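The next block holds one structure in the form of structure tokens; read it before the comments.
Because the structure is a prediction, the values reported are computed rather than measured. Below, chain A is the first sequence line, B the second, and so on; all start at residue 1.
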Amino acid sequence: QQQVKQSPQSLIVQKGGIPIINCAYENTAFDYFPWYQQFPGKGPALLIAIRPDVSEKKEGRFTISFNKSAKQFSLHIMDSQPGDSATYFCAASYTGFQKLVFGTGTRLLVSP
Amino acid sequence: DSGVTQTPKHLITATGQRVTLRCSPRSGDLSVYWYQQSLDQGLQFLIQYYNGEERAKGNILERFSAQQFPDLHSELNLSSLELGDSALYFCASSPGTSSQGTDTQYFGPGTRLTVL
């Protein structure tokens, strides 16, 4: 119930491509869905987050799509660049719960 | 730079030993969280403190303990260390004042613990 399932485990795209990372959850109490980016040797850094009252949110080249009925959400990276090569984690939480439940991560490689 | 600092950056110790990891939250943040990141378990929540008091507990072993001091820095104590405790330990902080109940968590750079 508390799990967040993330796929794919790894992804390789060419520069300019649009990698898509998917996450699914079971607990309908979740109401906060952030995405974190982690570079080797660094801590996770918040990229973008969404709440279930909207179906899409864009920040720069990063877009979250949210499907409440399917209990799924995804991250799209437009015009991907080699500098986007990192591990991406989806997460979920709910009001009053505070702790983040993380997906297993997706290692993205953007080739030049 | 998230504004969260963690020391030490690396720690190498032997089985059975005890270590202390330290975290200083962002200025003004009242909540501190500890997470463990390992290859097989991913990022797992350990424990949260809010303004000096324990707020939530996750998958934290009895050999592990934490506290948050009046100046809001936090320490994670790991004792009777086992090989399987080797992992990255992250501290995160948040304001703890969100009316929606879920604050953005800002992560520190982590402490890499190696148990030999």
Side-chain angles (χ1 to χ4, degrees), chain A residues 1-10 21 23-25 27-54 57 59 62 64 66 73 86-107, chain B residues 1-6 9-10 21 23-26 29-51 53-60 87-112:
Chain A
Q1 271 276 324
Q2 299 289 20
Q3 278 187 325
V4 177
K5 294 183 180 179
Q6 183 172 347
S7 64
Q9 194 172 7
S10 62
I21 304 170
C23 286
Y25 63 96
N27 189 346
T28 54
F30 285 144
D31 61 3
Y32 174 67
F33 303 91
W35 284 90
Y36 281 82
Q37 179 189 56
Q38 185 179 25
F39 292 104
K42 304 288 186 184
L46 179 68
L47 257 183
I48 183 173
I50 196 168
R51 296 188 186 272
D53 50 346
V54 296
K57 184 174 181 180
E59 281 188 11
F62 301 95
I64 300 179
F66 187 82
F73 58 109
T87 300
Y88 292 81
F89 292 92
C90 62
S93 186
Y94 57 84
T95 301
F97 190 51
Q98 289 294 344
K99 80 174 192 182
L100 291 170
V101 178
F102 282 91
T104 48
T106 296
R107 184 173 288 185
Chain B
D1 184 1
S2 66
V4 178
T5 60
Q6 288 186 250
K9 192 164 185 175
H10 301 279
L21 281 51
C23 167
S24 292
R26 295 185 325 151
D29 283 359
L30 299 177
S31 273
V32 168
Y33 310 77
W34 287 97
Y35 290 85
Q36 180 193 58
Q37 185 175 37
S38 60
L39 282 175
D40 56 341
Q41 295 288 325
L43 266 162
Q44 298 278 323
F45 169 77
L46 295 177
I47 198 164
Q48 178 205 359
Y49 278 81
Y50 174 79
N51 204 20
E53 293 190 4
E54 183 183 303
R55 175 66 68 90
K57 231 172 181 177
N59 302 321
I60 188 166
L88 270 166
Y89 291 84
F90 288 105
C91 168
S93 75
S94 72
T97 55
S98 169
S99 60
Q100 292 188 292
T102 307
D103 291 330
T104 297
Q105 294 183 26
Y106 298 89
F107 282 74
T111 292
R112 182 175 292 279

- prompt: By ring-ring contact (aromatic ring centres under 6.0 Å, His included), which residues pair with A/Tyr88, not counting sequence neighbours?
  reply: none
field: Qualifying residue for side chain to side chain contact (heavy atoms under 4.5 Å, CB included) with B/Val4, from B/Ser94, B/Ser24, B/Ser93
entry: B/Ser93
message: Which atoms of A/Pro44 are under 4.5 Å from chain B, going by heavy atoms: the side chain, the backbone, both sets, or neither?
response: both
message: Using a 4.5 angstrom heavy-atom cutoff, name the option from B/Lys9, B/Gln37, B/Arg55, B/Arg112 with the most pairs to chain A.
response: B/Gln37
field: A/Cys23 versus A/Val4, closest heavy-atom pair with distance
entry: CB-CG1, 4.1 Å
- request: Have a look at B/Tyr35 and tell me which of B/Gln105, B/Gln48, B/Gln44 forms a side chain to side chain contact (heavy atoms under 4.5 Å, CB included) with it.
  value: B/Gln105
A/Lys99 versus chain B, the contacting section by heavy-atom distance below 4.5 Å: both
task: Examine whether an atom of B/Gln6 lies under 4.5 Å from a heavy atom of chain A, and if so say whether it belongs to the side chain, the backbone or both; otherwise answer neither.
output: neither
